[in-house]
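Just below is one structure, and these are the notes that go with it.
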Amino acid sequence: MPETDLADAAIEWFDANARDLPWRAPGTSAWAVLVSEIMLQQTPVARVLPSYQAWLARWPEPAALAADTPAEAIRMWGRLGYPRRAMRLHECAVAIVARHGGDVPTDLDALLALPGVGAYTARAVAAFAYGQRQPVVDTNVRRFVARASRGKADAGPTTTPADLADTEALLPIEPGRAARASAAFMELGAVVCTARAPRCTDCPVVEVCGWRAEGRPTPTGPTRRPQQYAGTDRQVRGLLLAVLREADGPVQAGQLDLVWADAVQRDRALRSLLDDGLVSPAGDGRYALAGEA
DNA sequence: GAAGCGTGGAA
DNA sequence: TTTCCAAGCTT
């Protein structure tokens, strides 16, 4: 049964080679796991580490964050990127207090119902915080499974139901071991079975790898155009929010005018921040982070 | 299903 | 210097 071989080899390798990341320490709370997972969405581990420590030092449990303002969450988020994650994490804390008595829920559907928690994050919390047998599928796991199990060069477009089923089929039956396999698959995808230059000589499953068996074919599909950033509304949003984040309270609109010359684009970006709930009008021509005015 | 959403370090 | 992209989610 090669599927079992894959998980067993991955777990054995993980036990000996896993990076010593703080959210993997024994006794890490479910809240800490949730915070780490949200921060790690599209954000490198190295940049998350200091923010993670600071966040949990200030808000060690959901109730503490829920009692603070969204503005403070957005400010504490700093330059991690995608600041709506900070707002959603605050909303998460409020929902956890309101719906679950302040404890991060263990039920998958309850996790999925939390703001900013999707198919990946919900299962990551269920598996890593609560030891459940859930397929945890992020970009690393998709790539690893596509190569090792299916012999493909890359994972192709996301097909969540199929991705979940394919990965679930690889998991050991025992829940704790399944959770460990999920962590191992992620780690392998992140540090060995990488997108650009996979380190097959260091891979513990190379003997049963379908991609290797196929002669490591190169990707065939059209490469996705890289996202542009310079000059986009996205950049302007970032500039506007940086001003508000670094201010102690509401700022004059004139202050915001300084960060971008094009008034049309600037106003559009500000309006989108207001629509997203990241920014609030102070009512006197000033603007502030949400909940601060 | 595609597009929008930040940031900064490595290639 | 420019390009690429890193543990996704929402609409």
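What you see is a predicted model; the values in this text were computed from it and never measured. These numbers come from the heavy atoms of this one structure, side chains and all, not from hydrogens, waters or symmetry mates. Convention: sequence-line order gives letters A, B, ...; per-chain numbering from 1.
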Grab the [atom1]-[atom2] distance between [X] and [N] for me, whole Å please.
X	N	atom1	atom2	answer
Leu112(A)	dG8(C)	CG	C1'	13 Å
Tyr120(A)	dA6(C)	OH	C1'	12 Å
Leu273(A)	dG4(B)	CG	P	16 Å
Tyr229(A)	dG6(B)	OH	P	8 Å
Met186(A)	dG8(C)	CE	P	7 Å
Leu278(A)	dC5(B)	CG	P	12 Å
Arg143(A)	dA6(C)	CZ	C1'	10 Å
Asn140(A)	dA6(C)	CG	C1'	8 Å

Base, sugar-phosphate, or nothing: which does [X] touch, judged by heavy atoms less than 4.0 Å apart?
X	answer
Leu21(A)	base
Trp77(A)	nothing
Ala119(A)	sugar-phosphate
Arg245(A)	sugar-phosphate
Thr158(A)	nothing
Arg123(A)	nothing
Thr232(A)	nothing
Gly81(A)	base

Note: [X]-[Y] ion pair, threshold 4.0 Å (strictly below):
X	Y	result
Asp233(A)	Arg266(A)	no
Asp166(A)	Arg142(A)	no
Asp154(A)	Arg147(A)	no
Arg133(A)	Glu168(A)	yes
Glu292(A)	Arg75(A)	yes

Full working for salt bridge (Lys or Arg N to Asp or Glu O under 4.0 Å) between Glu187(A) and Arg24(A): CA-CA 12 Å; Glu187(A) 188 78 346; Arg24(A) 289 176 177 165; 2.6 Å; yes
Earlier contact from the 5' end, DNA chain B, for Thr159(A) and Asp233(A):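 It is Thr159(A) whose nearest nucleotide is closer to the 5' end.
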Shared-cluster residues of Val206(A), by chain and number - hydrophobic side chains joined below 4.5 Å: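 Listed partners: none, Val206(A) stands alone.
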Leu278(A) backbone acceptor or donor facing Asp276(A) side chain under 3.5 Å: no
Arg237(A) vs dG6(B): side-chain N/O to OP1/OP2 distance below 4.0 Å: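 The answer is yes; a side-chain N or O of Arg237(A) sits under 4.0 Å from OP1 or OP2.
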Integer angstrom distance from the C1' of dA7(C) to that of dA2(B): 22 Å
Between dC4(C) and dG6(B) - C1' atom distance, rounded Å: 15 Å
Residues in contact with DNA chain B, drawn from residues 82-95 of chain A - heavy-atom cutoff 4.0 Å: Tyr82(A), Pro83(A), Arg84(A), Arg85(A)
Any residue of residues 30-65 of chain A with a heavy atom less than 4.0 Å from an atom of DNA chain B: Gln42(A), Thr43(A), Arg47(A)
Nearest non-hydrogen partners of Pro250(A) and Ala282(A), listed with the distance: CB-CB, 4.1 Å
Name of the residue among Val125(A), Val33(A), Leu108(A) meeting side-chain contact (heavy atoms from CB on, under 4.5 Å) with Tyr130(A): Val125(A)
First encountered from the 5' end of DNA chain C, between Gly189(A) and Gly116(A): Gly189(A)
Minimum-distance nucleotide to Arg234(A) side chain [options: dG8(C), dA7(C), dG6(B)]: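 Out of dG8(C), dA7(C), dG6(B), the nucleotide with an atom closest to Arg234(A)'s side chain is dG6(B).
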